[in-house]
There are 2 protein chains.
Amino acid sequence: MAMVTLSEVARHAGVSLATASRVLNGSARTPAADIADRVRAAATTLGYVPNAQAQALARSSTSLIGLVVHDIADEYFASIAKGVQRVAADRDRQLLLAVAGSIHSAAPEVDRAVTAFAAHRTDAIILAGSRTAATDAVRSRLEAYQGRGGRVVTVGQSWVPGAAAVRIANREGMAELVAALAADGQRRFAYLTGPDAALATVDDRLAGYLDGIVATGAESVALIRGEFSMAGGHECGQRLLEQLTSTRRRPVTVLAGNDVMALGAASAFAEAGLRIGLDIKVAGFDDIGVLTHLSPGLTTYRLPLGEIGGLAAELAMDPELPDPAPVTGEVIRRASA
Amino acid sequence: MAMVTLSEVARHAGVSLATASRVLNGSARTPAADIADRVRAAATTLGYVPNAQAQALARSSTSLIGLVVHDIADEYFASIAKGVQRVAADRDRQLLLAVAGSIHSAAPEVDRAVTAFAAHRTDAIILAGSRTAATDAVRSRLEAYQGRGGRVVTVGQSWVPGAAAVRIANREGMAELVAALAADGQRRFAYLTGPDAALATVDDRLAGYLDGIVATGAESVALIRGEFSMAGGHECGQRLLEQLTSTRRRPVTVLAGNDVMALGAASAFAEAGLRIGLDIKVAGFDDIGVLTHLSPGLTTYRLPLGEIGGLAAELAMDPELPDPAPVTGEVIRRASA
DNA sequence: CTGAAAGCGCTTACAG
DNA sequence: CTGAAAGCGCTTACAG
């Protein structure tokens, strides 16, 4: 990386290093117009690109934001990441991305990511959905990072003391979804969810489901746990079917902890010859983009994922900002329920 | 970011800066065991985290890889990004992520991303699917970057002179898909594709479709262009339906340039009361993960997206590596065609 | 308004 | 084996 250097530009323009710096890299005090022009011309001629590393060192601020997500190939996280990146780019921040991997084995990876981000002196670290992967090591690392002036933002819930948070009204949203369907005359529900205590989101949504059942007086005929993924949903759907056949029968509305689980379950039902929305009803949560044109449409609770990412980025860049109110969404009724 | 400094560690351990550096940050020559222990102890006690910016400056190498993708919320790109990140993390590289935005307005954003990456002196830049967004400005920037020792890797096709490339056998794959379906007795095809000359991938796959038609002697009854997205697929599907009603009738197998277009089209067909796989056949391309448990299953051509990202990362980290052979996939038959 | 100089936190020949 | 010192490419008080 033998790039052109500021001093080369300065020499070429016949000015001092300081002047070149002031002209090129923003400073309140811009030198005289003719000098400024000469410097800019020299920079263009030589193809000067400022060295962000050196600037970071001199300014002790990097304009870097670190983002940790569970799985970037999961549209939920990808949409959040997209929102973060968009808002960050608008304000000339670069995004350092780390993927934490599976829910269960994520701890060491989150630790590695946080350590790497700290080493790169990112101005902020945004954590999306890795609460339970946070071992004591991670927590103390985050605390040290904050103690040194680093900014931490969590997405989903607030779980790092002193950090900012974009909370999501998962619990209220799921309860609202149950209420909307119950109001529609659907009175028998089953719930498919992820592993216990693995992800706070899983727990919150389950609690919301139970709230909804209690509030509406509807019946909950089954609660099935599996992987918090499409494959998990498929498998849970199959297990649910066995259970329904052997004990209580349909009709039933199957709610899942997120859209991909719902999709997986729906495919299991379809494979068993059931017609979604007629023989069995299904609803998800999140409203990931791929639902937009799927047939039959999946009823769900729409979360403004991109906006959530954007809010996280704003909190990351502006330490003065107070935490926003928990982000809510809306029930989206489609053919499936 | 008032982090603990190497000199503080050195002082605390009673050694010189040089010694502390040698102990902590890898060097062939490790000092005596007792001294090394003292330094490590001091580092732990003080909570020392090396400053990657300073190291980069001193070493003139950043361990940073820049990745530009069109749309991280599109599972195609997200899966590639995941592969890049995994391989990069395994070798202690951090990933700088930039999103180029829509196919059409991407040029300035790609330019900004490349400029930012150059400023951050990433050791390499990986470009996924942004060929047509590459204006002359971008090209000359990439050339300058390479000239200075930066490594450029393109994904999909090879379009930057002197850069490494992970090519994808889009054309051959699509032809293979047509052949497989034709061999199955499907003889009338329609093709839904993205805008002309917007994305090389779009063009390559279309060429493959035409190759397949020629090779099999099958009939191509329609070629419809729209957005290279789920919404575009939905709209193309509707237009195709009108066309089929007014002119030539079914049966027909509808191929789309990628899975999300195929999904969008399938939903348009289902809305029109057609049964997918029976009244009309549909196939996509890529085999994005969400297809795994969708009903009816979508026939497609599976590309090892994660692997492709991994290959790109390896090329990015190792300048000695020759370009791999074009990546091929396999036809995946499901219920839709 | 402009410039000389110190400093940001490291690495690494070069001496000892 | 260890250390003093120069240097990586910038920014920014501080003088002039």
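In what follows, chains carry the letters A, B, and so on, assigned in the order in which the sequence lines appear, proteins first and then strands, with residues in each chain numbered from 1.
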Which side-chain N or O atoms in residues 44-52 of chain B pair as donor and acceptor under 3.5 Å with protein atoms at least two apart or in another chain?
unit_1, atom_1, unit_2, atom_2, d
B/Thr44, OG1, B/Arg40, O, 2.9
B/Thr45, OG1, B/Ala41, O, 2.7
B/Asn51, OD1, B/Gln53, N, 2.8
B/Asn51, OD1, B/Ala54, N, 3.1

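When distances are taken from the side chain of A/Arg22 to each of D/dC10, D/dA13, C/dC10, the shortest belongs to D/dA13.
Side chains of B/Val87 and B/Glu314 form a contact here, defined as non-hydrogen atoms less than 4.5 Å apart.
At distances below 3.5 Å, at least one donor-acceptor pair connects side-chain atoms of A/Gln146 with backbone N or O atoms of A/Pro161. For A/Thr5 (side chain) and A/Glu8 (main-chain N/O), no donor-acceptor pair under 3.5 Å exists by modelled atom type.
Across the protein-nucleic acid pair, A/Arg59 atom CZ and D/dT12 atom P stand 6 Å apart, rounded to whole Å. Rounded to a whole Å, the CG atom of B/Leu17 is 17 Å from the P atom of D/dG7. With rounding to whole Å, A/Arg38 atom CZ is found 9 Å from C/dG3 atom P.
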If you write DNA chain C from 5' to 3' in dot-bracket form, with Watson-Crick or G-U pairs under 3.5 Å, [ ] for crossing pairs and | for pairs with another strand, what do you get? |||.||||||||.|||
Audit row: A/Arg151, A/Asp123, salt bridge (charged side-chain N to carboxylate O under 4.0 Å, His left out) steps and yes/no: CA-CA 6 Å; A/Arg151 178 105 169 126; A/Asp123 295 334; over 6 Å; no
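Considering only side-chain N and O atoms, B/Ser21 lies under 4.0 angstrom from the phosphate OP1 or OP2 of C/dT11. OP1 or OP2 of C/dG3 sits under 4.0 Å from a side-chain N or O of A/Thr19.
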